[in-house]
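If you read the sequence from its start, that first residue is 1, and numbering goes on from there. Everything quoted here is computed from the prediction, not taken from an experiment.
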Amino acid sequence: MTRPSWHKYFMDIAELVATRSTCLRRKVGAVAVKNKKIICTGYNGAPSGVTHCEKRGCMREELNIPSGERHELCWAVHAEANIVAQAALHGDVLEGATVYVTVQPCVSCVKLMVSAGVDKIIFKGDYPDELAQKIADEAFLDLVRYKE
């Protein structure tokens, strides 16, 4: 058995975190890491204390909202946004961190990552967002596709 690289190790953890997602459309997991230490994790789902989509149904499906549009019309919080929330809640600092995420982040999550001081996002699945890439480039946030 060969030992996984650090990148594979953290991306595998992000994939495991995604299994906690309560989203009916897409399960996303994320892990924030600094100096090979996990700072926090996040997955997409309803905020604490709010009924999960698994129980109430998908607002986006009911309203026929296409993927990538009108993110505010959803009960769920994105995995990357949950990382920022969890770090803030527990007093952790994301400045200088790398975030591993199972899907390419949307523009809103890229803006949060920039504002939180994240240095790099390594993503796996496609969710192309041209504006997200432009903001990442201008803010010197490395947005990198994962390669095994």
Side-chain angles (χ1 to χ4, degrees), residues 1-48 50 52-54 58-61 65-148:
M1 185 169 124
T2 48
R3 209 168 164 203
S5 69
W6 285 109
H7 289 303
K8 179 165 177 31
Y9 175 71
F10 292 125
M11 188 58 79
D12 286 353
I13 292 170
E15 289 177 348
L16 180 62
V17 170
T19 66
R20 292 275 308 150
S21 170
T22 58
C23 179
L24 299 173
R25 279 184 149 185
R26 181 185 315 224
K27 308 244 183 249
V28 181
V31 178
V33 176
K34 194 179 339 182
N35 299 321
K36 298 179 184 165
K37 177 183 176 247
I38 294 173
I39 299 168
C40 58
T41 64
Y43 52 87
N44 57 329
S48 295
V50 175
H52 293 288
C53 300
E54 292 172 327
C58 179
M59 176 192 303
R60 296 177 62 77
E61 287 292 327
I65 299 170
S67 180
E69 296 180 16
R70 305 294 311 269
H71 297 158
E72 76 280 7
L73 295 176
C74 182
W75 290 104
V77 177
H78 286 184
E80 305 92 326
N82 266 325
I83 276 186
V84 174
Q86 287 300 308
L89 183 65
H90 298 289
D92 295 320
V93 176
L94 292 174
E95 186 175 22
T98 296
V99 172
Y100 291 82
V101 62
T102 58
V103 176
Q104 185 175 347
C106 72
V107 65
S108 297
C109 289
V110 165
K111 289 189 279 188
L112 279 172
M113 297 286 107
V114 167
S115 294
V118 169
D119 280 351
K120 182 186 273 188
I121 298 172
I122 300 174
F123 66 90
K124 198 166 188 179
D126 286 328
Y127 189 81
D129 187 325
E130 203 173 294
L131 183 56
Q133 186 64 60
K134 286 180 182 178
I135 289 172
D137 290 344
E138 188 170 329
F140 302 104
L141 169 66
D142 283 336
L143 196 54
V144 179
R145 179 176 298 283
Y146 173 74
K147 294 177 187 166
E148 284 191 51

statement: Across all chains, not counting sequence neighbours, the ring pair (Phe, Tyr, Trp, His ring centres under 6.0 Å) partners of H52 are none
statement: So CE of M11 and CZ of F123: to nearest 0.5 Å the spacing works out to 9.0 Å
task: Check step by step if side-chain contact (heavy atoms from CB on, under 4.5 Å) holds for Y43 and T19.
output: CA-CA 8 Å; Y43 52 87; T19 66; over 6 Å; no
field: Sequence neighbours excluded, every pair satisfying side-chain hydrogen bond (donor to acceptor under 3.5 Å, both in side chains) that has a member inside residues 134-148
entry: D126-R145, Q133-D137
query: What's the spacing between E80 CD and M113 CE if we round to 0.5 Å?
result: 6.0 Å
- prompt: Rounded to the nearest 0.5 Å, how far apart are SG of C106 and CD of E69?
  reply: 13.0 Å
query: Quick check: does any side chain N or O of S21 sit under 3.5 Å from a backbone N or O of N44, one acting as donor and the other as acceptor?
result: yes
statement: Residue pairs meeting side-chain hydrogen bond (donor to acceptor under 3.5 Å, both in side chains), one or both in residues 91-113, sequence neighbours left out, come to H7-Y100
message: If I compare all heavy atoms of G42 with all of I83, which pair ends up nearest, and what's the gap?
response: N-CG1, 3.7 Å
message: Quick check for you: to the nearest 0.5 Å, what is the distance between L94 atom CG and S115 atom OG?
response: 11.5 Å
- request: Sort out for me which residue in H71, R60, M59 forms a side chain to side chain contact (heavy atoms under 4.5 Å, CB included) with I65.
  value: R60
query: Side chains of R26 and S67: donor-acceptor distance under 3.5 Å anywhere?
result: yes
field: From I13 atom CD1 to I38 atom CD1, the distance as rounded to the nearest 0.5 Å
entry: 3.5 Å
- prompt: Heavy-atom distance under 4.5 Å between the side chains of C40 and H90, does that happen here?
  reply: no
